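Read the structure below first, then the notes.
Everything numeric here is computed off the predicted structure, so don't read it as measured data.
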Amino acid sequence: MHVYKHAYGAQLFSTITISHDSSASPETSMGSEAPDPAVAASVPLVRLNHVSFQCTSVEKSVDFYRRVLGFELIKRPESLNFNGAWLYKYGMGIHLLQRGDDADGCSIPTRPLPAINPMGNHVSFQCSDMAVMKARLRAMDREFVVRKVWDGETVVDQLFFHDPDGNMIEVCNCENLPVIPLIVASTSGLPELLPPAMQTNVHG
């Protein structure tokens, strides 16, 4: 069964919420001092390393990530003495863990797959040819949802579908969108959004 839904003209937007309790001291609500953009830029993170999922069947999930998304099985560390699998491709890993194999023996019951909801939590993969990926999903009889988002003249295509355990996967060409920071440090010590008129000047 295929589900092809199109949402043309969906406006791209970002929402940033900053919680502030006026009754709390700056130390308890925001830390001992205001965020420093220069310090934030120096955080020694490099890239996404892996995502981890619990599986009702490691074998079925391995088959999905290999056949549908092209991941390759790699060796797991010897200390991991429970049922699972590691896969790697595109500079990132997928770590799969068999449900019920954790230390307390708690087994999570299998549930029917939910409806595909692009607004739900998901993992997104950048794609260089969306037409090829769409044809691949059709050939494999995978149910998926098609969406588009746009910002000005820039259009992004998205495909959403589930893995065997209902985890949401997105494939997109989101790198078409420029990365434009919106938060700057204000004189009050709290981060604030730039006014729309100033947002085009963020990069200088």
Side-chain angles (χ1 to χ4, degrees), residues 1-3 14 16-17 19 31 35 39-130 132-147 156-177 179:
M1 175 183 178
H2 298 296
V3 177
S14 298
I16 302 174
T17 301
S19 298
V39 173
S42 67
V43 174
L45 301 182
V46 179
R47 57 177 172 78
L48 176 67
N49 182 272
H50 71 273
V51 295
S52 182
F53 297 122
Q54 287 190 334
C55 310
T56 53
S57 169
V58 168
E59 291 75 17
K60 288 183 179 179
S61 292
V62 165
D63 180 67
F64 169 85
Y65 284 102
R66 292 181 70 187
R67 289 194 311 109
V68 179
L69 296 177
F71 277 79
E72 300 173 354
L73 273 171
I74 62 172
K75 182 181 180 297
R76 298 167 74 212
E78 295 179 357
S79 62
L80 301 183
N81 58 359
F82 50 87
N83 189 11
W86 283 16
L87 301 99
Y88 185 85
K89 197 69 179 284
Y90 320 113
M92 67 166 291
I94 303 284
H95 293 185
L96 304 175
L97 302 85
Q98 180 66 48
R99 286 177 173 170
D101 273 12
D102 49 340
D104 61 9
C106 177
S107 178
I108 302 175
T110 303
R111 295 183 175 88
L113 291 181
I116 297 174
N117 177 17
M119 299 297 288
N121 296 332
H122 59 271
V123 179
S124 181
F125 294 93
Q126 173 70 19
C127 181
S128 61
D129 193 325
M130 294 295 290
V132 168
M133 192 65 207
K134 186 184 294 185
R136 181 182 182 88
L137 293 174
R138 285 175 175 154
M140 294 181 173
D141 201 32
R142 303 296 308 185
E143 180 182 353
F144 62 92
V145 167
V146 178
R147 292 191 69 186
V156 166
D157 298 294
Q158 302 169 299
L159 304 175
F160 293 90
F161 50 97
H162 287 142
D163 77 355
D165 289 280
N167 298 305
M168 183 74 68
I169 307 296
E170 176 191 4
V171 172
C172 70
N173 53 4
C174 294
E175 287 187 1
N176 291 349
L177 290 167
V179 177

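Using a distance-only test at 3.5 Å, with no hydrogens or angles considered, no donor-acceptor pair links the side chain of E175 to the main chain of Q126. Here the side chain of N173 pairs a donor or acceptor atom with the backbone of D157 at under 3.5 angstrom.
The OG atom of S57 lies 11.0 Å from the CZ atom of R99; values are rounded to the nearest 0.5 Å. With values rounded to the nearest 0.5 angstrom, I74 atom CD1 is found 10.5 Å from I94 atom CD1. Here the OG atom belonging to S52 is positioned 7.5 Å from the CG atom belonging to L96, to the nearest 0.5 angstrom. Interatomic distance, R136 CZ to L159 CG, rounded to the nearest 0.5 Å: 12.5 Å. Rounding to the nearest 0.5 angstrom, the gap separating the CZ atom in R142 from the CE atom in M133 is 10.0 Å. Taking NE2 from H122 and CZ from F161, the interatomic distance works out to 11.5 Å, rounded to the nearest 0.5 Å.
The heavy-atom pair separating C55 from D165 by the smallest distance is CA-OD2, 3.4 Å. For L113 against H162, the heavy-atom pair with the smallest separation is CB-ND1, 4.3 Å. Among all heavy-atom pairs drawn from T56 and Q98, the shortest one is O-NE2, 2.8 Å. When all heavy atoms of V145 and P118 are compared, the closest pair comes out as CG1-CG, 4.1 Å. Counting all heavy atoms, side chain and backbone alike, M130 lies closest to V171 at CE-O, 3.4 Å.
Side-chain contact between N167 and V123: absent, with no pair of heavy atoms (C-beta onward) separated by less than 4.5 Å. Looking at heavy atoms from C-beta onward, M168 lies out of side-chain contact with N121 at the 4.5 angstrom threshold.
Geometrically, R76 engages F82 in a cation-pi contact, judged by NZ or CZ lying under 6.0 Å from the ring centre and within 45° of the ring axis.
Exactly one residue among Y88, F64, W86, F125 makes a ring pair (Phe, Tyr, Trp, His ring centres under 6.0 Å) with F71. That residue is F125.
Applying the side chain to side chain donor-acceptor pair (under 3.5 Å) test to R67 and every residue at least two apart in sequence or in another chain returns D63. Not counting sequence neighbours, the partners of Q158 by the side chain to side chain donor-acceptor pair (under 3.5 Å) test are E170. With sequence neighbours left out, the salt bridge (Lys or Arg N to Asp or Glu O under 4.0 Å) criterion links D163 to no other residue.
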